[in-house]
Protein chains: 2
Amino acid sequence: MNVMNESPRRKELTRQAARLFVQEGFDRTTVRMLADEMGIKSGSLFHHFRDKQAILAAVIEEGTQNALNMAHQALNDTGETASARLHAMARAHLQTLHTDRNAHVVALYEWRRLEPAARSHLSHLRDAYEALWESVIDDALTAGLIHGDRFLVSRFIMGALNWTVRWYDPEGERTPDELANELVAMLTQPSN
Amino acid sequence: MNVMNESPRRKELTRQAARLFVQEGFDRTTVRMLADEMGIKSGSLFHHFRDKQAILAAVIEEGTQNALNMAHQALNDTGETASARLHAMARAHLQTLHTDRNAHVVALYEWRRLEPAARSHLSHLRDAYEALWESVIDDALTAGLIHGDRFLVSRFIMGALNWTVRWYDPEGERTPDELANELVAMLTQPSN
DNA sequence: GGGTCAACCAAGCAAGCGCTAGTGTTAATC
DNA sequence: GATTAACACTAGCGCTTGCTTGGTTGACCC
């Protein structure tokens, strides 16, 4: 078994698994379907992953880690004003959400299928990501850019952003950047 | 079999099924678990529902129908100003979302497990509900209460509202009404 | 050229799955 | 008192599930 190893092969298999998990759902995706997709036999699958759960955990970890990296990067690459940082975070969020779409959809929909052990490990990653958001929102509140309860505002924003996976079409007219701008505009522009 | 019948017994079984579907997910919930929960044997279950799919459809139909009824009621009971109607819809949405919580969580998470036949029937119910929302949002835009793209604004709002099932604690301090007010305030108050 | 090791395969096991068939049992209806 | 219909039960069929086992292959290494 290859559990600890982050081999390129394993990474590729994880990507393919994510596709199937999105298409069929975790529970309906059988190890035989996964193996077919990967071009191997179902037995061979357990050379790369301890069990089916481990594949789910790998998919979600990959997506969440990427989101965290992208967010850090985005904050480093932008100005220090509250407005710039809010825009940067919203843009980064929508970008990962739709470039790593499969992994994120799995993370959003199948989180509850994780066994407690995997869940607690991945919770830390997610908490780190959310902490980043909270600090950006805090700044925006302090700067008077947006208004409302700190706790509620951040959850409303996350909801609006994450909900996009249900309706946003990356092939359509709007870019993720435009989406981010529209969301921030909706929250910040005075009513006239 | 009792498929057409909306017997009280069936309604009660549907409610219990919703609880299990939320707790375990549709695919992981076996007919034996459902029967246990209902205090009958697994074979008896198929007297009330044609198959497992029909239970899922019943749960979702119940929730969606209630939401639609509540929304109509709320609009009837409120004033005609765009602001009053927007508040009323947000309140009604959060109220069903958390009184019929199980059914709505199932509708949000397990929609994709519906077979095409059931899905197309339930789509109409959902479309009717969303049409109601769109008309209220249109009015709010026209009145200058909120601003932005009609399509995007409505989806951002639905996202923020539906996301509450992930974090809102009905036993906590805030009532659904307060939540609704805070959301509308976030969208409508000028930045100072 | 013997040893190592990741990668894969063929075969199949034990458990669990959705669902069916056939048979009471009870309470209301005629 | 016979008939009916709703509701429940027992038993189990046929199939799929996640996963294991024991073995093969080929690339690389000293």
Side-chain angles (χ1 to χ4, degrees), chain A residues 1-60 106 110 112-119, chain B residues 1-60 106 110 112-119:
Chain A
M1 207 191 321
N2 211 353
V3 176
M4 295 300 123
N5 192 331
E6 269 302 327
S7 66
R9 183 82 179 112
R10 188 178 145 112
K11 212 156 194 166
E12 171 62 15
L13 297 180
T14 302
R15 243 205 52 240
Q16 291 176 316
R19 262 206 51 234
L20 265 182
F21 287 162
V22 169
Q23 192 181 297
E24 305 287 335
F26 176 69
D27 290 320
R28 272 169 135 81
T29 305
T30 69
V31 294
R32 278 163 252 258
M33 292 163 66
L34 287 164
D36 275 1
E37 184 83 1
M38 299 168 179
I40 58 179
K41 299 295 170 178
S42 71
S44 312
L45 210 158
F46 295 90
H47 172 72
H48 299 280
F49 302 93
R50 190 173 61 261
D51 53 22
K52 197 187 164 192
Q53 266 284 320
I55 311 182
L56 177 59
V59 168
I60 295 184
V106 171
E110 312 283 1
R112 320 185 45 240
R113 305 291 158 255
L114 284 171
E115 280 167 7
R119 196 182 308 198
Chain B
M1 206 190 323
N2 211 353
V3 177
M4 296 298 123
N5 192 331
E6 268 303 324
S7 68
R9 181 85 177 113
R10 188 177 145 111
K11 214 156 195 165
E12 170 62 15
L13 297 181
T14 303
R15 243 204 52 240
Q16 292 176 315
R19 262 206 51 235
L20 265 182
F21 287 162
V22 169
Q23 193 181 296
E24 306 286 334
F26 175 70
D27 290 320
R28 272 169 136 82
T29 304
T30 71
V31 294
R32 278 163 252 258
M33 291 163 65
L34 287 164
D36 275 1
E37 183 83 2
M38 298 167 179
I40 58 180
K41 300 293 170 178
S42 71
S44 312
L45 209 159
F46 294 90
H47 172 73
H48 299 280
F49 300 94
R50 192 175 57 261
D51 52 22
K52 198 187 162 191
Q53 265 285 320
I55 310 180
L56 177 60
V59 168
I60 295 184
V106 171
E110 312 283 2
R112 318 183 49 238
R113 306 289 158 255
L114 285 171
E115 279 167 8
R119 196 182 308 197

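Labels below follow one simple rule: chain letters A, B, ... track the order of the sequence lines, proteins then strands, and each chain is numbered from 1.
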Nearest to the side chain of [X] - [options]?
X: A:D51; options: C:dG18, C:dC8, D:dC19; answer: D:dC19
X: B:K52; options: C:dG18, D:dC9, C:dC8; answer: C:dG18
X: B:F46; options: D:dG18, C:dC19, D:dA6; answer: C:dC19
X: B:S42; options: D:dA6, C:dC19, D:dG18; answer: C:dC19
X: B:V31; options: C:dC8, C:dG18, D:dA8; answer: C:dG18

Requested in this report: Determine the contact category for B:K41: base if any of its heavy atoms lies under 4.0 Å from a base atom, sugar-phosphate if only primed atoms, P, OP1 or OP2 are that close, otherwise nothing.
Outcome: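 The answer is base, as B:K41 lies within the cut-off (heavy atoms under 4.0 Å) of a base atom.
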Query - Most 5' of A:R28 and A:G43 on DNA chain D, judged by nearest nucleotide - result: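 Result of the comparison: A:R28.
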Query - Side chains of A:I55 and A:F21 in contact at under 4.5 Å (non-hydrogen atoms) - result: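 Side-chain contact under 4.5 Å: yes.
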Nearest whole Å is fine: how far is [N] [atom2] from [X] [atom1]?
X: B:H48; N: D:dA6; atom1: NE2; atom2: P; result: 11 Å
X: A:L13; N: C:dC8; atom1: CG; atom2: C1'; result: 12 Å
X: A:E12; N: C:dA7; atom1: CD; atom2: C1'; result: 15 Å

Query - Pi-cation contact, B:F46 with B:K52 (under 6.0 Å, within 45°) - result: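 No, a cation-pi geometry is absent between B:K52 and B:F46.
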Requested in this report: May I ask you to decide whether B:E12 forms a salt bridge with B:R15, counting only side-chain N to carboxylate O separations under 4.0 Å?
Outcome: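 Looking at B:R15 together with B:E12, the answer is yes, because their closest N to O distance falls below 4.0 Å.
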Report task. Give a yes or no on whether a donor-acceptor pair under 3.5 Å exists between the nucleobase atoms of C:dG16, that is its base, and the side chain of B:R32. Result ->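 Between C:dG16 and B:R32, which were checked side chain against base, a qualifying N/O pair under 3.5 Å is absent.
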Requested in this report: Hey, could you give me the CE/OG distance between B:M38 and B:S44, rounded to the nearest 0.5 Å?
Outcome: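 Spacing of CE (B:M38) from OG (B:S44) equals 11.0 Å.
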